[in-house]
Every structure is written in structure tokens, then in C-alpha cells.
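Model, not experiment: these values are computed from the prediction.
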Amino acid sequence: MLIEHPDSRYEVIQKRKTTDVLDLYIVKDLNDEKQRLYTAVCVKDRELSRKLILVTTKKNTNISFRDLHESFNLEGNYYIVFRYTKGETLQQALQEHTFSLQERLLLLKNIFGQLFLLNMPDCFIYEALRKDSIVVNQALEVSFNYFFTEVDYYWQIEEKHCLRRVGELVQELFHKELAEKQDKELTEFSKNLTQERFSNLWDCYDACNDLYEHLTAKSEWEEIRPGRFWWRAWEAFKRKIPVIKAVLSVLLIVAAGAFLLFHLPNPVLSEDGIAFEKIGTLEIPQGKR
């Protein structure tokens with residue numbers, strides 16, 4: 001199946017889903033030498049198309065929203081084309097891999113960074129914050145896919161709804177630490193999200209950045225302490241320094257006594273004794289031996 005527009009030609013390689021109002025495809029751009037992949041949404045409902053135009057055209061969105069590739073009308077339907085990234089989703093990554101605390105903090109920080117870099121409408125931020133919409137590579141860099149999962153609610157989405165979804169991600173990423181209340185700052189951050197104390201996403205990101213710096217420094221220290229042989233050996237050596245000092249002092253005294261005993265003349269042990277030629281002003285004549 002081909003989707004052909006005067007300036008675009010897309011080959012459908014997978015039909016992702018179909019509903020009464022739209023069809024979702026994974027397509028390949030035939031006009032592109034690299035034949036990049038995209039998500040193409042065919043909106044069949046005219047009322048939905050009218051609403052989507054406000055947030056899915058280049059003229060109505062910020063220029064930095066690069067994930068939005070293009071949109072056009074074709075044969076009575078409205079098509080929206082988004083960049084598509086192949087790879088492991090966040091949901092799959094959390095199920096199949098064990099990430100350290102630092103790695104999970106970096107993931108959260110990178111998610112925020114990508115959101116602000118793209119400067120997308122709130123409805124797509126809400127969509128992008130789904131675990132199966134976030135794609136994670138080996139460097140823990142993130143990108144987003146757009147599957148129009150909750151398109152019926154797009155018009156009701158506000159920033160507070162996006163913050164709630166961030167709260168859900170925090171619970172997912174740090175459920176063990178939060179359940180055990182291992183860190184006061186992390187617990188407070190999650191509590192602020194749950195109780196909607198952040199007024200906007202930027203304030204939440206700022207708090208996330210502070211949390212990242214705090215917990216990274218703390219976990220680096222705790223990682224060194226139990227894990228490295230030479231660190232443990234040095235700590236054990238420092239604890240034994242007082243004992244070592246006492247032993248060395250005793251050995252020094254014994255060595256000094258042995259030196260005096262075997263190297264200085266001793267009248268008692270000597271066969272000839274010691275001859276004194278003078279004591280004070282009294283000269284003592286020396287006889288023959």
C-alpha cells in the first residue's frame with residue numbers, strides 16, 4: 001500500500017492499529033535515500049481532523065517540534081506524519097535490564113531534556129510520557145514515538161495532567177527506593193508530584209536536576225565503599241594503626257636493648273675486664289698482664 005502526495009511517497013510496512021476515527025501505520029519514505037521510518041496517522045473523522053490541525057501543522061506548532069514531519073489532506077482524509085524510532089521501549093528496558101540508581105536518574109533527566117528540546121504541545125507530551133512511547137538506546141538517550149493512544153482526550157490535556165504522568169514514571173523508575181524510603185530527597189520529590197505541588201514542568205525538571213546531582217554524588221560514594229578491594233584494605237589498615245604503633249614501639253625497645261647488650265663492653269662478661277688509666281685527677285699505674 002502506498003500513500004502518495006504531490007511531494008511525498010510513503011510505503012506502508014505495518015498497520016499499527018485501526019479505529020472508527022483513524023488508522024495508524026508505520027511507513028517508509030520512498031523519496032528519502034535513507035528511507036527513514038515514520039508513523040503516519042490517517043484521520044477519517046472530519047471533526048477530529050479539524051481539532052488536530054491546531055496541533056499538527058508546521059504553521060501551528062513550534063519549529064523545534066522536529067518529530068512532526070508533515071501533514072496533508074488526501075482523498076478526504078487528514079494525514080499526519082511523525083518520526084518513528086525503532087528500538088527498545090522504556091517498558092521493555094525496565095523488564096529486561098537492571099539499571100543502577102544513577103542510570104535511572106539519568107533516564108528521567110534525559111526524558112525531561114528531550115521534552116523541552118522538542119517543545120511540543122501538551123497533548124503530545126502526555127502521549128510521549130507513556131512507557132511504550134519512550135525509546136531508550138544503549139547510551140540511555142531517549143526519543144519518542146506517537147501512536148495517538150488517547151486522541152479522544154487531547155483537547156482536555158493540560159500541563160497538570162503531564163505532571164501526573166511524570167509522577168507515574170517516577171513511581172515506576174524508583175519503586176524499590178520509594179517503597180523502602182531509602183532517600184529523603186527522592187521521597188520528597190515523589191510526594192511533591194503526587195500532591196501536585198509543582199506549578200509546571202520546568203519547576204519539576206529543576207527539582208529533578210537537583211535530585212540527580214544529590215543522589216548521584218551520594219550513590220557514587222556508597223558504590224566505592226563496599227565494592228573496591230584497595231579501599232577496604234586501606235580502611236582496615238587505618239583501624240589497625242594504633243595496634244601497629246604499639247607493636248613497633250616494643251620492637252624498637254627490644255632492638256635497642258639487644259644492640260647495647262651485644263656491642264658495648266661489659267666487665268662481667270669480658271675475660272680481661274676494663275682497664276682504667278685515670279679516675280678524676282688520680283692516675284692509675286698500669287701493670288703487666
Side-chain angles (χ1 to χ4, degrees), residues 1-5 7-32 34-58 60-61 65-96 107 111 114-115 118 120-137 141-158 161-162 164-166 168-169 171-172:
M1 176 180 173
L2 291 178
I3 300 173
E4 296 189 77
H5 187 255
D7 299 321
S8 308
R9 292 174 65 244
Y10 299 101
E11 178 186 355
V12 175
I13 61 175
Q14 179 188 351
K15 191 172 186 178
R16 179 90 185 193
K17 74 174 181 180
T18 183
T19 68
D20 293 337
V21 295
L22 60 82
D23 294 326
L24 184 84
Y25 306 103
I26 306 300
V27 301
K28 178 170 57 178
D29 187 356
L30 297 180
N31 291 342
D32 182 6
K34 297 182 179 179
Q35 296 193 347
R36 294 180 176 89
L37 297 181
Y38 295 90
T39 300
V41 183
C42 173
V43 184
K44 299 175 288 187
D45 183 271
R46 290 190 176 183
E47 181 63 21
L48 180 59
S49 298
R50 185 182 64 81
K51 293 178 179 179
L52 281 172
I53 286 173
L54 298 175
V55 290
T56 57
T57 60
K58 292 288 188 179
N60 293 333
T61 56
F65 188 20
R66 298 187 306 274
D67 282 358
L68 174 60
H69 183 60
E70 68 170 333
S71 58
F72 52 85
N73 289 296
L74 181 65
E75 298 178 351
N77 297 322
Y78 180 56
Y79 285 83
I80 313 160
V81 183
F82 282 91
R83 289 185 180 181
Y84 176 76
T85 304
K86 293 179 67 176
E88 196 172 45
T89 66
L90 178 60
Q91 185 174 18
Q92 293 169 334
L94 292 175
Q95 290 173 349
E96 298 176 11
L107 268 172
I111 289 169
Q114 190 70 359
L115 289 176
L118 292 172
M120 64 183 80
D122 288 346
C123 59
F124 289 111
I125 292 177
Y126 190 73
E127 179 78 22
L129 286 172
R130 296 173 57 89
K131 290 183 295 182
D132 55 351
S133 296
I134 300 170
V135 180
V136 182
N137 65 16
E141 298 169 336
V142 301
S143 54
F144 305 119
N145 286 324
Y146 306 86
F147 300 134
F148 287 74
T149 306
E150 300 177 65
V151 67
D152 295 337
Y153 303 99
Y154 275 8
W155 330 117
Q156 303 173 24
I157 298 299
E158 299 176 6
H161 300 111
C162 300
R164 288 173 191 166
R165 184 144 283 180
V166 172
E168 294 171 3
L169 273 178
Q171 290 291 330
E172 181 73 21

Open item on the list: Suppose we screen for side-chain contact (heavy atoms from CB on, under 4.5 Å). Which residues come up paired with Leu30, at least two apart in sequence or across chains?
Closed with: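 For Leu30, the residues satisfying side-chain contact (heavy atoms from CB on, under 4.5 Å) (neighbours in sequence not counted) are Leu2, Arg9, Glu11, Lys28, Gln35.
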TODO: Kindly determine whether Ile80 and Phe148 satisfy side-chain contact (heavy atoms from CB on, under 4.5 Å), including the steps that lead there.
DONE: CA-CA 11 Å; Ile80 313 160; Phe148 287 74; 3.9 Å; yes
TODO: Consider only side-chain N and O atoms of Gln114 and Ser143, and report whether a donor and an acceptor are under 3.5 Å apart.
DONE: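 Side chains of Gln114 and Ser143: no pair found under 3.5 Å.
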Closest contact, heavy atoms only, [X] versus [Y]:
X      : Y      : value
Asp132 : Gln91  : CB-OE1, 3.8 Å
Ile157 : Asp122 : CG2-O, 3.6 Å
Phe65  : Tyr146 : CE1-OH, 3.7 Å
Ala128 : Met120 : CB-SD, 4.3 Å
Leu54  : Asn60  : O-CB, 3.3 Å
Ser71  : Thr56  : OG-O, 3.0 Å

Side-chain contact test, heavy atoms from C-beta onward, threshold under 4.5 Å: evaluate it for [X] versus [Y] and give yes or no.
X      : Y     : result
Ile13  : Leu37 : yes
Val142 : Leu90 : no
Ile26  : Thr39 : yes

Tell me, yes or no, whether the heavy-atom count around [X] atom [atom1], taken from other residues, nucleotides or ligands under 6.0 Å, exceeds 12.
X     : atom1 : value
Arg46 : CZ    : no
Asp20 : CG    : no
Glu47 : CD    : yes

Open item on the list: Students often mix this up, so state it plainly: with edges at 30° and 60°, are the rings of Tyr10 and His69 parallel, tilted or perpendicular?
Closed with: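 Aromatic pair Tyr10/His69 classed perpendicular.
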Open item on the list: Consider ring-ring contact (aromatic ring centres under 6.0 Å, His included). Of Phe144, Tyr154, Phe147, which one does Phe124 pass it with?
Closed with: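 In the set Phe144, Tyr154, Phe147, the residue that makes a ring-ring contact (aromatic ring centres under 6.0 Å, His included) with Phe124 is Tyr154.
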Task: Worked check of side-chain contact (heavy atoms from CB on, under 4.5 Å) between Lys131 and Thr89 - done: CA-CA 7 Å; Lys131 290 183 295 182; Thr89 66; over 6 Å; no
Task: Backbone of Asp29 reached by a side-chain donor or acceptor of Lys34 within 3.5 Å - done: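 No, Lys34 side chain to Asp29 backbone: no donor-acceptor pair under 3.5 Å.
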Open item on the list: The criterion is side-chain hydrogen bond (donor to acceptor under 3.5 Å, both in side chains); which residues satisfy it with Thr18, sequence neighbours excluded?
Closed with: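 Thr18 satisfies side-chain hydrogen bond (donor to acceptor under 3.5 Å, both in side chains) with Asp23 only.
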- [ ] Test Leu115 against Leu129 for side-chain contact (heavy atoms from CB on, under 4.5 Å), laying out the working first.
- [x] CA-CA 9 Å; Leu115 289 176; Leu129 286 172; 3.8 Å; yes
